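What follows is a set of notes on a single structure, which appears directly below.
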Protein chains: 2
Amino acid sequence: MQFSKSTDYALHALLHLGHSERHGNVGIKELSGTLGVSESYLSKIMSKLRQDGIVRAIPGVNGGYELARPADQISFLEVIQVIEGRQQWFECSNTNSQQHSLLADNGTVQRGRERSDNCQCLVEKVMNGAELHLYQYLREHTIQTTLDEAFNRCNNEVNKK
Amino acid sequence: MQFSKSTDYALHALLHLGHSERHGNVGIKELSGTLGVSESYLSKIMSKLRQDGIVRAIPGVNGGYELARPADQISFLEVIQVIEGRQQWFECSNTNSQQHSLLADNGTVQRGRERSDNCQCLVEKVMNGAELHLYQYLREHTIQTTLDEAFNRCNNEVNKK
DNA sequence: ATTAATATAGATCTGTGATATCCATAATAT
DNA sequence: ATATTATGGATATCACAGATCTATATTAAT
Ligand code: SF4
Ligand code: SF4
């Protein structure tokens, strides 16, 4: 249960793009050098980010990447989902087991009625609840907020001196 | 980024133990049959749960497993951590890269001072924040609360009839 | 005491996915 | 035209989840 390195790289790459937005494009060489990852590998990641409309790619001489939208509209959640996929964190394996009957259909199977929405699986309820809870947090944190915070922190640091 | 099946099994096994607490021990055969998992595999999981003091194991004839503590003191968080391990979900790979300097040491490296606590890495700050946020949620949900909710839901269901 | 039932620990197998590299191709500025 | 840059496919490696089998230790029942 860990975020993949790809996610790590993607976030750092986007932060770098957000930070040097004024300078225009950033080539894979610069990105690769900054992050300390091979160009080949990072290319794959950037490609994914492009396919999902998070960055733009300009091929050819002096090409490179740039953010496809303002940095405050790129949330951590979206980046994570692009790289890690959008599958649910908890997925029920065997809905046919007895256990399922115990937790989800208790009180309804005897009456032979179809499963009620009110009586849904409670394990999934907790886990999906946790997931949604986390999503809310990750949605509120964007590339921009992270960059802003970096500036504020370090400015305070300087002023305190 | 998904919870492992082992976690799934562990949670279900514990819910089963919590539900049939009055009947005493529950053997691996019954658990295995209820969950639809092989005895061998489930044994490993139960063993882990025992090593961390979540269940007790009684070997020998009529042996089996039982909760080592009240069900309201076994949180989802603890079960997940026992099975998945306690490593952080986000772990910085290369603290030596230029990127690190940009985000974490901006404003401090020039002055040649040691890194300030106030100016810590912001990527980790967001990710660890998310982690702690989620932990809080998972700590509040225990085997007991889940069982209770199952009963309440289905009782309401019956009463409404 | 013997036996059957049960949990435990170790070794091992397999498939899958993350990480990573290389190369051929397409697109673009100069 | 040419050099530069991104893209996509193929491939290699490696770790780990998932799973099974076997031998051993422990206990209840006889
Ligand atoms: S109780 Fe829920 S998680 Fe468990 S098998 Fe049924 S649907 Fe799946
Ligand atoms: S900025 Fe943070 S996450 Fe990135 S390399 Fe530095 S310490 Fe690690």
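First the proteins, then the strands, lettered A, B, ... as listed; each starts at 1. Keep in mind that this is a model prediction, so the values were computed, not measured. In what follows, every heavy atom counts, from backbone to side chain, and hydrogens, waters and symmetry copies are set aside.
When the C1' atom of C:dA18 is taken as reference, atom CE of A:Met1 falls 16 Å away, rounded to whole Å. If you take NZ of A:Lys48 and P of D:dG8, they are 12 Å apart, rounded to a whole angstrom. Rounded to an integer number of Å, the gap from CD of A:Gln87 to P of C:dG17 is 9 Å. For B:Glu39 and D:dA23, the CD to P distance is 17 Å, given to the nearest whole Å. Per the geometry, CD1 belonging to B:Ile28 stands 13 Å off P belonging to D:dT20, to the nearest Å. A:Tyr65 places its OH atom 15 Å from the P atom of C:dA27, with the value rounded to the nearest Å. Atom pair B:Glu66:CD and C:dA7:P shows a separation of 12 Å (rounding to whole Å applied). Rounded to an integer number of Å, the gap from CD of A:Glu84 to C1' of C:dA18 is 10 Å.
Exactly one of A:Gln87, A:Glu84, A:Met1, A:Gln88 qualifies for a side chain to side chain contact (heavy atoms under 4.5 Å, CB included) with B:Gln2. That residue is A:Gln87.
Within 4.0 Å of A:Ser40, counting heavy atoms only, lies at least one base atom of the nucleic acid. Heavy atoms of B:Ser43 sit under 4.0 angstrom from at least one base atom. As judged by a 4.0 angstrom heavy-atom cut-off over every strand, A:Glu30 is placed among residues making no nucleic acid contact. Here B:Lys29 lies in heavy-atom contact (under 4.0 Å) with sugar-phosphate atoms only. Counting any heavy atom pair closer than 4.0 Å across all strands shown, A:Gln51 reaches sugar-phosphate atoms only and no base atom. Among the atoms of the strands shown, none is found under 4.0 Å from any heavy atom of A:Phe3.
Look at B:Tyr41 and you won't find any side-chain N or O under 4.0 angstrom from OP1 or OP2 of C:dT14. Between A:Tyr9 and C:dA18 there is no side-chain polar atom (N or O) within less than 4.0 angstrom of OP1 or OP2. Between B:Ser4 and D:dG18, a side-chain N or O to OP1/OP2 separation shorter than 4.0 Å is present. Contact annotation: A:Asn62 side-chain N/O to C:dT30 OP1/OP2 distance is under 4.0 Å. For D:dA17, neither phosphate oxygen OP1 nor OP2 lies less than 4.0 angstrom from any side-chain nitrogen or oxygen of B:Ser6.
When each of C:dA7, C:dT21, D:dT27 is scored by its nearest atom to the side-chain atoms of A:Ser38, the top-ranked nucleotide is C:dT21. For B:Arg50, taking side-chain heavy atoms from C-beta onward, the closest of the listed nucleotides D:dT5, C:dT8, D:dA29 is C:dT8. Residue B:Val61 places its side chain closer to C:dA4 than to any other of C:dA7, C:dA4, C:dT28.
Put simply, the side chain of B:Leu17 reaches to within 4.5 Å of the side chain of B:Tyr65, judged on heavy atoms.
Between the side chain of B:Lys44 and the base of C:dG10, a donor-acceptor pair under 3.5 Å is found.
Under a 4.0 Å N-O distance rule, the pair A:Arg69/A:Glu78 qualifies as a salt bridge. Salt bridge A:Lys125/B:Glu149: present, at least one basic N to carboxylate O contact under 4.0 Å. In summary, A:Glu39 and A:Lys44 do not engage in a salt bridge, as defined by a charged side-chain N under 4.0 Å from a carboxylate O.
Nearest-nucleotide assignment on DNA chain D puts the 5′-proximal partner with A:Met46, out of A:Met46 and B:Lys5. Residue A:Leu42 is the one, among A:Leu42 and A:Pro59, whose nearest nucleotide of DNA chain C lies closer to the 5' end (criterion: closest heavy atom).
Under the 6.0 Å cut-off for aromatic ring centres, A:His133 and A:Tyr137 do not qualify, their centroids lying 6.0 Å or more apart.
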